[in-house]
Amino acid sequence: MTLTRLSLSRARVDRAGHRRAGPELMRVLLDDPATAVLPLRGPRAPITGPPGTPRLDLLAPATADERGDRDGAVLVFLGEDPQGRGYVLYAAAGPAMPPVAPGSPPEPGGPDEYGRRWADLRAVGDLLDDADAGLMTCAVAVASWHTRYGHCPRCGAATEVVQAGWARVCPGCGAEHYPRTDPAVIMSVVDEADRILLGRQVAWPPGHFSVLAGFVEPG
């Protein structure tokens, strides 16, 4: 059976990878009031709209800076839409927002000091439209990689962000590091009576179950 709709594989924004090497790209984008900024705190992004049809609460660069979203953040060029509007991720450098407590579903949290609601990708990814789903999926994945590759796995030196946030380079040994993709599988196991095997983690809320999944080992 071919799956025709994968919620986190939708996108409408062109990554525009050819622009990443431009030395002035970030300055140009952040000087343009039309640029859309997506702040990210851990796996959470700000959302707006009713619960059933949420949207990303994208900000202008000046507004994001005024609210402190840029402070110490890693900046990543997420791409541009057909109208030429650029999108930039401000990924918080540290745990600026408390993580989801064990046993709690990844639902949108209460408003912050600016009245924004923050939601986990797992809670809203399927509800966002194609453009927002693509932006948030990309942003969460790249930001998570940045938090793990602050130091070179070869020599231990602190790495530097290059390529508009899409690579890190080690000034010590010269190694280049790029966002990694870990292959995984997800499956439904059924028996002859068409019953499905589900699993759960002890940290999940009561009544939460999942089909089986896991990472693919080398070879």
Side-chain angles (χ1 to χ4, degrees), residues 3-17 19 25-26 28-71 73-93 95-101 104-147 164-166 179 205 208:
L3 300 178
T4 57
R5 182 182 185 275
L6 300 176
S7 297
L8 303 185
S9 294
R10 297 173 289 139
R12 286 289 182 270
V13 173
D14 185 346
R15 297 278 179 89
R19 298 187 61 189
L25 175 60
M26 280 301 178
V28 171
L29 289 171
L30 298 181
D31 284 345
D32 184 354
T35 295
V37 173
L38 173 58
L40 201 68
R41 298 182 180 181
R44 294 182 177 184
I47 60 169
T48 185
T53 56
R55 305 186 311 276
L56 291 180
D57 191 5
L58 301 172
L59 304 175
T63 303
D65 291 347
E66 290 170 359
R67 297 184 179 187
D69 292 294
R70 187 176 177 178
D71 296 344
V74 173
L75 276 58
V76 181
F77 173 53
L78 295 177
E80 59 188 15
D81 61 22
Q83 290 71 44
R85 185 188 195 191
Y87 293 81
V88 173
L89 163 66
Y90 282 14
M97 172 162 282
V100 179
S104 300
E107 297 174 348
D112 64 8
E113 64 272 29
Y114 299 104
R116 292 182 297 185
R117 294 179 296 143
W118 295 78
D120 188 287
L121 177 63
R122 293 173 296 167
V124 298
D126 188 52
L127 301 175
L128 296 171
D129 64 19
D130 290 354
D132 282 358
L135 286 170
M136 188 173 180
T137 301
C138 174
V140 169
V142 175
S144 176
W145 171 75
H146 276 292
T147 64
W166 284 91
H208 281 227

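In this structure, the side chains of Val88 and Leu38 stay at 4.5 Å or more apart for every pair of heavy atoms. Side-chain atoms of Arg116 and Arg67, non-hydrogen and from C-beta on, do get closer than 4.5 Å to each other. Contact annotation: the side chain of Arg15 never approaches that of Phe77 to less than 4.5 Å [non-hydrogen atoms, C-beta and beyond]. Taking 4.5 Å as the limit, some side-chain heavy atom of Tyr90 sits within range of a side-chain heavy atom of Leu30. Looking only at side-chain heavy atoms (C-beta outward), Arg44 and Leu121 stay at 4.5 Å or farther from each other.
Across all their heavy atoms, Leu29 and Pro61 have their closest contact at O-CG, 4.1 Å. Val37 and Ala64 make their closest contact through CG1-CB, 3.8 Å (heavy atoms, listed as atom of the first residue, atom of the second, distance). Of all the heavy atoms in Pro54 and Ile47, the pair that sits closest is CB-CD1, 4.3 Å. The two residues Arg70 and Leu75 have their closest heavy-atom pair at NE-CD2, 4.0 Å. Contact detail for Arg85 and Ala34: the closest heavy-atom pair is NE-O, 2.8 Å. Here the closest non-hydrogen pair linking Leu56 and Ala45 is CD2-CB, 4.1 Å.
Here the CG atom belonging to Asp14 is positioned 12.0 Å from the CG atom belonging to Leu78, to the nearest 0.5 angstrom.
Every side chain to side chain donor-acceptor pair (under 3.5 Å) that Ser7 has, sequence neighbours left out, goes to Arg5, Asp126. Here Asp129 pairs with nothing under the side chain to side chain donor-acceptor pair (under 3.5 Å) rule; sequence neighbours left out. Partners of Asp71 according to the side chain to side chain donor-acceptor pair (under 3.5 Å) rule, which considers only residues two or more places apart in sequence or in another chain, do not exist here.
Using a cutoff of 4.0 Å between basic side-chain nitrogens and carboxylate oxygens, Arg122 and Asp120 are scored as salt-bridged.
Among pairs with a residue in residues 44-67, none fulfils ring pair (Phe, Tyr, Trp, His ring centres under 6.0 Å), at least two apart in sequence or across chains. The side-chain hydrogen bond (donor to acceptor under 3.5 Å, both in side chains) contacts involving residues 52-63 comprise nothing, where partners must be two or more places apart or lie in separate chains.
Side-chain atoms of Arg19 never come within 3.5 Å of backbone atoms of Leu25 as a donor-acceptor pair (strictly under, hydrogens ignored). Between the side chain of Arg41 and the backbone N or O of Trp118 there is no donor-acceptor pair closer than 3.5 Å.
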Show every donor-acceptor pair shorter than 3.5 Å between a side-chain atom in residues 133-144 and any protein atom, with sequence neighbours excluded, or say none if there are none.
residue: Thr137; atom: OG1; partner: Ala133; partner atom: O; Å: 2.7
residue: Ser144; atom: OG; partner: Arg148; partner atom: NH1; Å: 2.8

